[in-house]
Amino acid sequence: MTNITGRVREAFRGDQRVDADALIARLDAVHRFLTAVDGLLPDAELVPAHTLVERAGTRLALSRDHTVVALAGATGSGKSSLFNALAQLELSPVGVRRPTTGVTHACVWGPLEGANRLLDWIGVLPRHRFVRESALDADDETALHGLILLDLPDFDSVQRSHRLEVDRLLGLVDQVVWVVDPQKYADRVIHDSYLREFHRHRDVTVVVLNQADRLPPAEVPRVLDDLRRLLDTDGLTGVPLLSTTAIDPAGMVGLRGALERTVAERQAALRRLAGDVDTVVAGLDELVGSARPAGGPDDSTIDGLNRALAGAAGVPAVTEAVQQAYRHRAVAATGWPLVRGWRRLRPDPLRRLHLPGPADAGADAAESLVAATSVPDPTAAQRSALGLAIRAVADRAAADLPAAWPGAVTAAARSRLGDLPDALDRTIAGTDLGLGRRPLWWRVVGGVQWLVTLAAVVGLGWLVLGYALRALGLPALDNPMVGQVPLPTLLLLGGLLAGLLLAALTRPVVRWAARRARARAEQRLTAKVARVGEEYVLTPVRVVLGSYAQARDALRDAARR
C-alpha cells in the first residue's frame with residue numbers, strides 16, 4: 001500500500017510547485033557532497049553530479065522568465081511540422097528526405113534579445129533563431145510569451161552527430177515534448193533509450209501521438225490506450241498524452257493549451273532541475289548507502305597497531321638498553337669509589353643507540369638531546385606486521401561502508417606510510433626515558449660508600465704510619481683497641497668489608513629498579529608511538545570516515561523535496 005501511494009504521489013508531482021529556495025538548497029547539498037568526497041571516490045562516478053551543479057547554476061542565473069521546450073522525435077514523426085504549426089510560420093524544413101532536421105531550430109515568443117544568452121548557452125546558432133511576434137497577432141500569442149520552442153534533430157538519425165546533439169540538448173531543456181507517430185509509437189529505441197530514462201522527469205514530459213489524422217477515428221482511442229500502457233511500463237505514469245495533427249488547427253488545441261499552462265506556471269525549469277537532482281541522488285545513493293560508520297577501529301585493533309609500531313620503532317631494543325643503562329649508572333653511582341672510574345670507562349648502553357648517555361644523567365631537562373638514533377632498522381617480520389596492522393585498521397574502519405569507500409579508507413591509512421620511519425625515530429629520540437635524574441638512594445648509598453672507603457683509607461694510613469715509625473726507631477703510635485682488635489685494623493677491614501657488603505646488598509635493588517625503569521620507559525615510548533600512530537594512520541582514516549558521514553548527510557539533504 002505504501003509503495004502504491006508513493007507512486008501515485010510522484011505521478012502527480014507536476015501539479016505541485018517547486019520552491020526555488022528549496023531547490024537551491026538541494027543543489028547546495030549536492031555541492032557539499034562533491035566537496036566531501038573530493039579525491040576519495042572515482043571521478044567517473046561523480047560526473048553527473050558535477051554536471052548537474054554546473055548546469056543548474058548556469059540555468060538559474062540566465063533566465064527564469066523563459067521556458068525552453070524541445071520537440072523530440074524519430075525520423076518521420078512530424079515534429080518539424082508541429083514546430084511550424086505552433087509557430088504558424090515555415091521555420092523548420094519539412095520534406096520527404098530523411099533525416100530532414102539536421103540542426104536545432106528555435107522559435108522565441110517575445111523579444112529575442114532577452115532569450116539570446118539562454119540560446120547561446122543551449123547552443124542554437126543565431127541564424128537558426130526566430131521570433132514569433134507580429135503586430136498582426138494582436139494578443140493571440142501573449143499566452144506563450146517567454147516560450148522558447150526547439151525543433152531537435154531526429155534522435156534515430158543515421159548521422160551520429162545528430163544523435164549526439166539530441167542527447168546534449170535533452171540534458172539542457174526545461175521540458176520535452178516527445179512526438180511519436182502511429183507507425184512507430186511502440187519502437188523499442190524511443191522507449192528503451194529515451195522515454196524510460198525520463199521516468200524521474202515525468203512532470204516535465206509530454207507525449208503526443210502526431211499524425212493522428214492518418215488513423216481511422218475509431219482507432220485513435222485504441223492506439224492511445226496502447227501507448228499509455230507502454231508509457232506506464234516506462235515509468236511515465238501520469239504524463240500528459242495527447243493526439244495531434246499539424247494539418248488541422250483543431251488538432252493542435254491540446255498541445256498548445258499544455259504549452260500555455262507550462263509558460264504561465266514558470267515552473268518547468270525548476271521541475272526539470274528537481275528531476276535532475278532526483279536522478280543524480282538516485283545514482284549516488286549506492287555510493288553512500290545508509291550505514292552509519294563507527295568512529296574508527298576498535299580498541300583491540302588500535303592496540304595491535306601500537307604493538308606493531310612499537311616493534312618497528314625498536315622500542316624493545318631501547319627499553320633493553322634503558323635497563324642496562326640504569327644498571328650501569330646505578331653501579332657506577334653506588335659502587336666503590338675506587339672502581340667507579342673504571343666503570344665509567346665502559347660505554348653507556350644508551351650511547352650505543354645514540355640516545356642520552358651518562359653525561360646527561362644529571363640533567364633536569366628531558367632526555368631529548370639527539371635528533372636521530374641508531375636504533376636497529378625494523379626486520380622484515382616487523383615491517384610485515386606493521387603492514388598487516390595498518391590493513392586491519394582500514395578493514396575494521398571500513399567494515400560497514402559501501403563498496404566505494406574501503407579503498408579510500410585503505411589509501412588514507414597508508415597515505416603517510418613513507419613518513420612513519422622518520423617520525424618514529426624522532427619520537428624515540430625525543431622521548432624522556434626517565435633517566436635524567438639520579439635517584440636519592442643512589443646519593444645515599446654513594447655517600448655511605450665514600451664514608452666506609454674513607455674509614456678504610458684512614459685505617460690503612462694509620463697502620464702504615466705506625467709501621468714507618470717503628471722502622472725508623474721512633475716511638476710507635478698508641479693504637480686504641482676495640483675489644484681485641486686495634487682501631488686502625490678495624491677501620492681498614494671494616495671499611496673494606498662494609499663496602500663489599502653494601503655493594504652486594506644493593507645489587508638486587510639495582511636489578512629491581514632497572515626493571516622498573518625499563519617498564520616506565522616502555523610505557524612512555526608506547527604512549528609516544530601511539531601518538532604517531534594516531535597522527536599518521538588513525539587521523540587520516542577518521543578524516544575519510546568524517547567525509548563519508550558528511551557525504552551521507554549531504555545526500556540525504558539533497559533527497560528532500
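Predicted model only: the values in this text are computed from it and were never measured.
A salt bridge does not link R163 to D167: none of the charged side-chain nitrogens sits closer than 4.0 Å to a carboxylate oxygen. Using a 4.0 Å cut-off between charged nitrogen and carboxylate oxygen, D174 and R59 count as a salt-bridge pair.
Here the side chain of R26 pairs no donor or acceptor atom with the backbone of V277 at under 3.5 angstrom. Using modelled atom types, one side-chain atom of W405 and one backbone atom of L287 make a donor-acceptor pair closer than 3.5 Å. In this structure a side-chain-to-backbone donor-acceptor pair under 3.5 Å is present from H201 to D276.
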I'd like a table of donor-acceptor pairs (distance under 3.5 Å, sequence neighbours excluded) in which one partner is a side-chain atom from residues 207-215, with atom names and distances.
{"unit_1": "N210", "atom_1": "OD1", "unit_2": "T244", "atom_2": "OG1", "d": "2.9"}
{"unit_1": "N210", "atom_1": "ND2", "unit_2": "S77", "atom_2": "O", "d": "2.9"}
{"unit_1": "N210", "atom_1": "ND2", "unit_2": "G78", "atom_2": "O", "d": "3.2"}
{"unit_1": "Q211", "atom_1": "OE1", "unit_2": "R214", "atom_2": "NH1", "d": "3.3"}
{"unit_1": "Q211", "atom_1": "NE2", "unit_2": "G76", "atom_2": "O", "d": "3.3"}
{"unit_1": "D213", "atom_1": "OD1", "unit_2": "T245", "atom_2": "OG1", "d": "2.7"}

Hey, can you pull the donor-acceptor pairs under 3.5 Å for the side chains in residues 526-537, sequence neighbours left out?
{"unit_1": "T526", "atom_1": "OG1", "unit_2": "E522", "atom_2": "O", "d": "2.6"}
{"unit_1": "E534", "atom_1": "OE1", "unit_2": "R542", "atom_2": "NH1", "d": "3.2"}
{"unit_1": "E534", "atom_1": "OE2", "unit_2": "R542", "atom_2": "NH1", "d": "2.5"}

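The shortest side-chain heavy-atom distance between L112 and L119 falls under the 4.5 Å cut-off. The shortest distance between side-chain heavy atoms of V280 and L284 falls below 4.5 Å. Looking only at side-chain heavy atoms (C-beta outward), T262 and V206 stay at 4.5 Å or farther from each other. Taking 4.5 Å as the limit, some side-chain heavy atom of L305 sits within range of a side-chain heavy atom of L538. The shortest distance between side-chain heavy atoms of K79 and D154 falls below 4.5 Å. Side chains of Y185 and L230 form a contact here, defined as non-hydrogen atoms less than 4.5 Å apart. Side-chain atoms of H50 and D43, non-hydrogen and from C-beta on, never get closer than 4.5 Å to each other. Counting heavy atoms from C-beta on, the side chains of R256 and L144 come closer than 4.5 Å.
Just one residue in the list L62, V124, D65 forms a side chain to side chain contact (heavy atoms under 4.5 Å, CB included) with L118, and that residue is L62.
Within 6.0 Å of CD in Q183 there are more than 12 heavy atoms belonging to other residues, nucleotides or ligands. Heavy-atom neighbours of R391 CZ from other residues, nucleotides or ligands within 6.0 Å: at or below the threshold of 12. Heavy-atom neighbours of H31 NE2 from other residues, nucleotides or ligands within 6.0 Å: at or below the threshold of 12.
For T301, the side-chain hydrogen bond (donor to acceptor under 3.5 Å, both in side chains) partners at least two apart in sequence or on another chain are D298. Evaluation of the side-chain contact (heavy atoms from CB on, under 4.5 Å) rule for R188 yields D192 as partners, not counting sequence neighbours. Partners of R129 by side-chain hydrogen bond (donor to acceptor under 3.5 Å, both in side chains), not counting sequence neighbours, listed by chain and number: N116, D120.
Atoms CG and CG, from L241 and L227 in turn, are 5.0 Å apart once rounded to the nearest 0.5 Å. A distance of 10.5 Å separates OH of Y548 from CG of L41, quoted to the nearest 0.5 Å. In this structure, CE in M252 is found 9.0 Å from CD in Q88, a value given to the nearest 0.5 Å.
Annotation: salt bridge (charged side-chain N to carboxylate O under 4.0 Å, His left out) contacts involving residues 215-240, sequence neighbours excluded, comprise R196-D234, E219-R222, D226-R229.
Heavy-atom minimum distance, A551 versus A36: N-CB, 3.9 Å. Of all heavy-atom pairs spanning A394 and V409, the tightest one is O-CG1, 3.7 Å.
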Side chain to side chain contact (heavy atoms under 4.5 Å, CB included) between L309 and L420, intermediate numbers included: CA-CA 9 Å; L309 287 171; L420 267 178; 4.1 Å; yes
Chi angles and distances behind the side chain to side chain contact (heavy atoms under 4.5 Å, CB included) call for Q267, R17: CA-CA 7 Å; Q267 281 280 296; R17 295 190 63 84; 3.3 Å; yes
Verdict with supporting geometry, V189 and F155, side chain to side chain contact (heavy atoms under 4.5 Å, CB included): CA-CA 9 Å; V189 174; F155 65 73; 4.0 Å; yes
